[in-house]
Structure formats: structure tokens, C-alpha cells
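The structure under discussion appears below in the form of C-alpha cells.
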Amino acid sequence: MNRIQLTKCEAEVMAIVWREGQATVPQVLAAIDRDLAYTTVMTTMNILEEKKIVRRGEKVGRAFSYLPLVSREEVRHGMVQELAEQLFGGSVRSLVLSLVNSEKITAEDLSAMAEAADELEKS
């Protein structure tokens with residue numbers, strides 16, 4: 001399976017497509033948290049379509065809708081693997097330890113990680 005990589009802009013657009021189930025360029029523009037040109041979002045949708053991450057759906061008014069072809073989890077998995085390879089020599093352990101040692105981790109995060117580790121050991 002190919003690893004799916006997204007740029008920051010592609011990830012912002014996909015977050016809206018995933019949340020809504022499908023979205024048009026005007027819907028993305030209305031929902032996104034920063035000023036982007038219509039053509040920027042349209043170009044991003046075209047790139048996502050070329051990458052087979054979305055597919056063009058039916059017209060809604062004058063704009064096509066776009067539907068996701070991959071899940072958020074598929075993208076997360078691929079990008080985490082890529083991050084581990086690029087920055088940690090492929091070591092997931094080093095990636096996780098780096099996260100654990102970061103200043104932003106909370107006791108709740110550590111508890112969730114411990115629970116996930118326990119579940120993994122059981123299976």
C-alpha cells in the first residue's frame with residue numbers, strides 16, 4: 001500500500017471533506033480558518049483528485065462536490081510512518097519517546113498511551 005502524504009493545505013482541505021462527508025470549493029472556503037483564494041482551493045482539490053484522495057461527485061449548484069476516497073486513519077498511518085523514517089531512522093520507539101518527552105504531553109495523554117500499550121500486549 002502506498003503511503004499517502006498531504007501538504008498543510010491539502011490536510012486543511014481534507015479535514016473539511018472528511019468532516020462533511022463531501023464538500024465543494026465554496027464550502028471549503030467558508031469553513032477554512034484562513035484566507036485562501038478560490039483558485040488555490042480549486043487547485044488543491046485537483047491535486048487531491050490526481051492523487052486519488054478525493055473523487056469528483058455531483059454538481060451542487062455551479063460547483064462540483066468532492067468525496068473522500070481514503071480515510072483520515074489511512075493518511076495518519078502513512079504520514080506517521082514517513083515521519084518516523086525521516087526523523088527517527090525508522091524507529092517508532094524513538095518517535096514515541098520523543099513525544100513522551102515533549103513539553104506538551106499531559107497526564108491524560110500518558111494514561112491513554114498506557115491503555116493503548118496494554119491493549120496491544122493483549123492482542
Side-chain angles (χ1 to χ4, degrees):
M1 177 182 183
N2 290 338
R3 288 190 192 152
I4 300 166
Q5 298 292 302
L6 298 178
T7 65
K8 180 181 178 188
C9 188
E10 291 168 354
E12 287 176 301
V13 169
M14 283 307 299
I16 295 161
V17 174
W18 283 318
R19 184 183 70 220
E20 301 299 323
Q22 68 178 20
T24 63
V25 171
Q27 288 171 326
V28 170
L29 281 169
I32 209 152
D33 288 338
R34 63 186 176 110
D35 288 334
L36 287 177
Y38 184 94
T39 54
T40 300
V41 176
M42 185 73 245
T43 299
T44 302
M45 288 293 205
N46 287 334
I47 291 167
L48 290 168
E49 189 176 15
E50 287 172 13
K51 288 181 167 184
K52 297 189 183 338
I53 295 170
V54 298
R55 75 170 173 84
R56 192 177 304 190
E58 296 180 8
K59 271 194 166 184
V60 177
R62 295 177 53 184
F64 282 103
S65 63
Y66 291 86
L67 297 95
L69 291 175
V70 298
S71 70
R72 188 184 305 256
E73 277 306 309
E74 288 174 280
V75 173
R76 280 183 187 155
H77 181 74
M79 291 185 77
V80 166
Q81 283 184 323
E82 191 69 26
L83 180 66
E85 286 180 12
Q86 287 182 2
L87 299 179
F88 299 96
S91 170
V92 174
R93 177 183 178 168
S94 294
L95 170 61
V96 171
L97 290 173
S98 178
L99 292 171
V100 168
N101 292 323
S102 78
E103 295 175 8
K104 294 188 177 196
I105 197 154
T106 65
E108 187 178 303
D109 293 333
L110 289 172
S111 177
M113 289 174 66
E115 286 178 29
D118 287 343
E119 286 299 314
L120 189 58
E121 284 181 354
K122 290 177 186 176
S123 55

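Nothing fancy with the numbering, it's 1 onward along the sequence.
Smallest separation of non-hydrogen atoms from M14 and P68: CE-CB, 4.2 Å. Residues T44 and C9 share a closest heavy-atom pair of OG1-SG, 3.5 Å. Here the closest non-hydrogen pair linking A23 and M45 is O-CE, 4.0 Å. Shortest non-hydrogen contact noted between K52 and V70 is O-CG1, 4.2 Å. Nearest heavy-atom pair, L29 versus L36, reported as atom, atom and distance to 0.1 Å: CD2-O, 3.2 Å.
Taking hydrophobic clusters as Ile, Leu, Val, Met, Phe, Trp and Tyr residues chained together by side-chain heavy-atom distances below 4.5 Å, V54 shares a cluster with Y38. No single ILVMFWY cluster, assembled from side-chain heavy atoms under 4.5 Å apart, contains both V60 and V28. Note on L95: it does not cluster hydrophobically with V75, by side-chain heavy-atom contacts below 4.5 Å among ILVMFWY residues. Taking hydrophobic clusters as Ile, Leu, Val, Met, Phe, Trp and Tyr residues chained together by side-chain heavy-atom distances below 4.5 Å, V96 shares a cluster with L110. The cluster map of Ile, Leu, Val, Met, Phe, Trp and Tyr, joined by side-chain heavy atoms under 4.5 Å apart, puts I47 and F64 in different clusters.
For the residue pair D109/T106, the side-chain donor-acceptor check at 3.5 Å is satisfied. Side-chain N/O atoms of H77 and E73 include no donor and acceptor closer than 3.5 Å.
To the nearest 0.5 angstrom, Q5 atom CD is 10.0 Å from E10 atom CD. Put simply, CG on L120 and CD on E115 are 13.5 Å apart, with the number rounded to the nearest 0.5 Å. For the atom pair L69 CG and E49 CD, the distance stands at 9.0 Å (nearest 0.5 Å). Atom CD1 of I53 sits about 14.0 Å away from atom OH of Y66, to the nearest 0.5 Å. To the nearest 0.5 angstrom, S123 atom OG is 11.0 Å from D118 atom CG. Expressed to the nearest 0.5 Å, how far CG of L67 lies from CD of E58 amounts to 9.0 Å.
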Hey, mind stepping through I4 and E82 against side chain to side chain contact (heavy atoms under 4.5 Å, CB included) and telling me if it holds?
CA-CA 9 Å; I4 300 166; E82 191 69 26; over 6 Å; no
When you look at L87 and S98, which way does the side chain to side chain contact (heavy atoms under 4.5 Å, CB included) test go after all the steps?
CA-CA 11 Å; L87 299 179; S98 178; over 6 Å; no
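Remark: side-chain polar atoms of S111 are not paired, donor with acceptor, to backbone N or O of E108 under 3.5 angstrom.
The number of heavy atoms from other shown groups lying within 6.0 Å of CZ (R62) does not exceed 12.
Residue pairs meeting the salt bridge (Lys or Arg N to Asp or Glu O under 4.0 Å) criterion with at least one partner in residues 26-36, sequence neighbours excluded, are E12-R34.
Counting heavy atoms from C-beta outward, M79 and L6 have side chains that approach closer than 4.5 Å.
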